[in-house]
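A short worksheet on the structure shown next.
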Amino acid sequence: MTDPHTARPQGNPYPRQPHQGPPAHENPVRPPGQYGAPTGPQPYAQGQPYPQGSQPYPPEAQPYPQGAQPYPPEAHLYPQQGQPYGQAPQPYPQAQPYAQGPQPYPQGARPFPPHQPPGQYGGQPDQPPARKRTGRTVLFVALGLVLLLGLGGGTAWVVAGGFGDGFGEGDWQVPFTAAGTEVLGTDASIAFGAWMSETAAIRVQKDGVLAYDLKTGKRTWGTPSPGEQLCAATPGIAGGRGAIAYGTTKVCDRVAGLDVKTGKLLWKIKIPAAPAQRAGSENLQAPGLVLAGDLVVVRTGKQVTGYRLSDGRRVWTSKTSEVCTTTDVAGSPKQVVVNLDCYRGGDSVVVLDGKSGRFKGEYRIKDDDGGPDDLLSADPVVAAWRGGEESSILVLDDKGGKVREFETGTKADFLALNDTIYIDGGYRELRTMVRGDTLYLATFPANVKGGGISRNDLLAFDLTSGRQRWKSSGTGDTMLTFVDADDKGLLVIEEGGTNEPVPRLTRIDPATGKASPIAELPQKAGGESGDARVYHRNGTLVVMPFEKVAVRYAITVLRVETGA
């Protein structure tokens with residue numbers, strides 16, 4: 001059982017890290033046609049002490065390791081006005097324009113919407129125009145004060161264990177700071193990513209990244225934001241690495257790779273970035289970050305770019321035509337899918353090869369519909385219009401050909417679990433899941449009469465036929481949260497709230513939707529999974545809510561046997 005007083009080191013969760021040499025200007029732009037020294041950061045030099053008081057990360061102007069190839073200068077990555085898109089200098093990969101479909105964009109279309117001059121990073125802002133099919137907007141409200149503990153304003157959370165109520169050896173929780181939030185946007189507890197490695201539960205939050213040992217709950221490392229604040233993260237990790245986006249309170253224009261075993265920053269790059277979407281708005285515009293095999297794919301206003309997770313080297317860049325902007329991206333090792341919003345119609349869903357960025361195909365949307373609101377999967381390609389009382393689902397093949405479009409028949413829950421009111425863009429964590437030829441959705445929550453709690457149902461759809469296979473209410477009037485899916489079915493958490501029926505782990509049969517409880521969870525874990533990323537691996541259940549609104553714990557870890 002974890003001793004809450006010795007569970008992990010106290011004080012600043014982000015210890016100062018040594019560094020060599022004075023800071024240097026990031027990614028200097030060189031004159032066109034010159035290939036000077038590369039611009040990315042390098043691993044720390046082994047065996048060399050770093051001067052006291054220096055910055056915690058190596059300067060980005062240091063040369064690459066021996067044998068690495070330099071980046072082309074930024075003047076080539078982002079062509080000057082009048083140059084055609086997609087013509088990066090050789091031998092670097094040639095950028096692929098999206099507008100390669102059989103239907104050309106209308107002649108005379110204006111290259112940018114009104115008041116948006118050409119030649120700026122990101123093109124037009126990532127805000128699609130009003131669509132015929134509209135989604136919902138969520139405004140999260142929380143009260144209280146931020147309580148920052150330890151040195152440097154870091155959030156020094158305390159691990160607690162041994163609560164009774166079924167808590168066993170090795171079970172532990174990390175509570176949020178006691179007071180919560182005064183003004184949403186200043187709270188360091190808001191998470192942009194919730195990762196699970198082989199040994200740790202990892203939270204990517206506004207002020208940095210924190211890792212806790214899965215067995216003991218002890219904090220193993222803390223890496224502060226390399227800039228003023230973090231603003232986005234990949235939804236997961238690959239090969240022991242993840243990626244984060246960071247910047248200032250005004251702009252989110254940097255991406256870094258992170259080793260999740262040590263917390264060490266592996267590389268840093270600058271990306272094109274857009275300012276706040278609306279005049280007078282303080283909202284940041286965050287890039288979309290997804291994984292595609294061993295690449296992190298970065299979506300900005302008018303392009304997507306694949307970078308190697310290992311060293312940050314650019315592998316490919318694919319740009320839109322001048323009349324389009326990107327609104328969403330989904331990735332898989334096989335392919336990358338991009339939503340395009342195009343001025344004067346012509347919205348489309350574009351499919352790119354995941355390794356090379358090569359254009360594979362696209363699906364043009366009817367002008368009166370507008371493009372989908374969300375991309376649910378890259379392989380298979382699944383997109384959704386959120387709608388009102390029901391939603392529309394679009395299924396495409398690997399070349400953008402239409403396989404099926406169907407309606408959900410009920411109001412589906414497409415509210416993002418990780419939305420904040422001060423950052424737009426980024427990756428939206430949804431209550432959906434695609435496994436094989438099956439799409440799993442959750443219905444919009446409804447109140448339980450006399451119970452003071454909410455409940456929902458889960459729906460399963462055959463992606464080939466569009467037919468609803470089943471609707472499941474679990475084992476009672478509870479909220480159902482996705483954990484994982486495999487050949488044995490869908491694994492979910494059922495809960496009614498903090499003091500309601502005991503939460504449980506339940507398996508739902510993939511063919512019939514029949515629910516079978518497999519493990520009861522401690523009452524102390526009740527109410528924590530509603531807006532959380534949940535993992536289950538090798539008997540360990542990890543629950544990480546994205547922010548403190550109606551929950552108490554930043555991380556809950558339980559030992560749960562599923563009989564698998």
Side-chain angles (χ1 to χ4, degrees), residues 1-11 13 142 144 146-150 154-181 187-191 193-197 199-205 208-222 417-418 479 481 483 493-505 519-561:
M1 185 174 299
T2 303
D3 183 346
H5 300 290
T6 61
R8 60 168 184 78
Q10 301 299 309
V146 177
L147 180 61
L148 296 179
L149 306 177
T155 307
W157 287 330
V158 178
V159 173
F163 290 107
D165 293 332
F167 262 60
E169 186 71 25
D171 295 345
W172 53 269
Q173 290 180 306
V174 177
F176 281 105
T177 52
T181 307
D187 187 358
S189 68
I190 296 172
W195 302 341
M196 180 181 178
S197 71
T199 60
I202 305 165
R203 279 182 56 91
V204 182
Q205 55 190 52
V209 190
L210 290 167
Y212 295 85
D213 184 86
L214 287 175
K215 294 182 179 179
T216 66
K218 293 181 179 180
R219 191 176 65 235
T220 57
W221 52 262
L417 307 182
N418 60 338
M479 285 293 295
T481 298
V483 179
I493 288 182
E494 293 188 90
E495 61 177 6
T498 304
N499 299 311
E500 302 302 331
V502 174
R504 62 181 63 89
L505 199 62
E520 286 195 351
L521 306 178
Q523 187 67 68
K524 195 74 175 182
E528 298 297 317
S529 69
D531 289 326
R533 181 69 181 269
V534 184
Y535 295 93
H536 181 268
R537 186 183 304 154
N538 299 326
T540 300
L541 185 72
V542 178
V543 180
M544 286 187 276
F546 285 98
E547 62 181 306
K548 178 180 172 62
V549 174
V551 298
R552 299 161 297 168
Y553 297 98
I555 305 175
T556 296
V557 173
L558 304 170
R559 311 300 162 187
V560 179
E561 294 300 330

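For the numbers below, each heavy atom of this structure counts, side chains included, while hydrogens, waters and symmetry mates do not.
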- line: Those residues at least two apart in sequence (or on a different chain) that pass side chain to side chain donor-acceptor pair (under 3.5 Å) with Thr481 are none

task: List for me each residue that meets side chain to side chain donor-acceptor pair (under 3.5 Å) alongside Arg559, sequence neighbours excluded, and say none if there are none.
output: Thr540

Non-hydrogen side-chain atoms of [X] and [Y] separated by less than 4.5 Å:
| X | Y | value |
| --- | --- | --- |
| Ile493 | Val534 | yes |
| Val174 | Leu210 | no |
| Trp172 | Val557 | yes |

Search all heavy atoms of [X] against all heavy atoms of [Y] and return the closest pair with its distance.
| X | Y | value |
| --- | --- | --- |
| Gln173 | Lys524 | OE1-CG, 3.3 Å |
| Leu541 | Leu505 | CD1-CD1, 4.3 Å |
| Ser529 | Val543 | CA-CG1, 3.8 Å |
| Ala525 | Thr556 | CB-CG2, 4.2 Å |

query: Can you tell me how far the CZ atom of Phe546 sits from the CD atom of Gln205, to the nearest 0.5 Å?
result: 12.5 Å

- request: Could you tell me the separation between the CD1 atom of Ile202 and the OG1 atom of Thr220, rounded to the nearest 0.5 Å?
  value: 7.5 Å

statement: With Pro503 as partner, the option from Glu494, Glu520, Met479, Glu495 fulfilling side chain to side chain contact (heavy atoms under 4.5 Å, CB included) is Glu495

- prompt: With sequence neighbours left out, what residues match Val551 under side chain to side chain contact (heavy atoms under 4.5 Å, CB included)?
  reply: Phe176, Glu528, Pro545

statement: Contacts of Met544 meeting side chain to side chain contact (heavy atoms under 4.5 Å, CB included) (sequence neighbours excluded), chain-then-number -> Ala194, Ala201, Arg203, Tyr535, Val542, Ile555

message: As a quick check of understanding, evaluate side chain to side chain contact (heavy atoms under 4.5 Å, CB included) for Thr199 and Leu214, giving each step before the final call.
response: CA-CA 6 Å; Thr199 60; Leu214 287 175; 5.5 Å; no

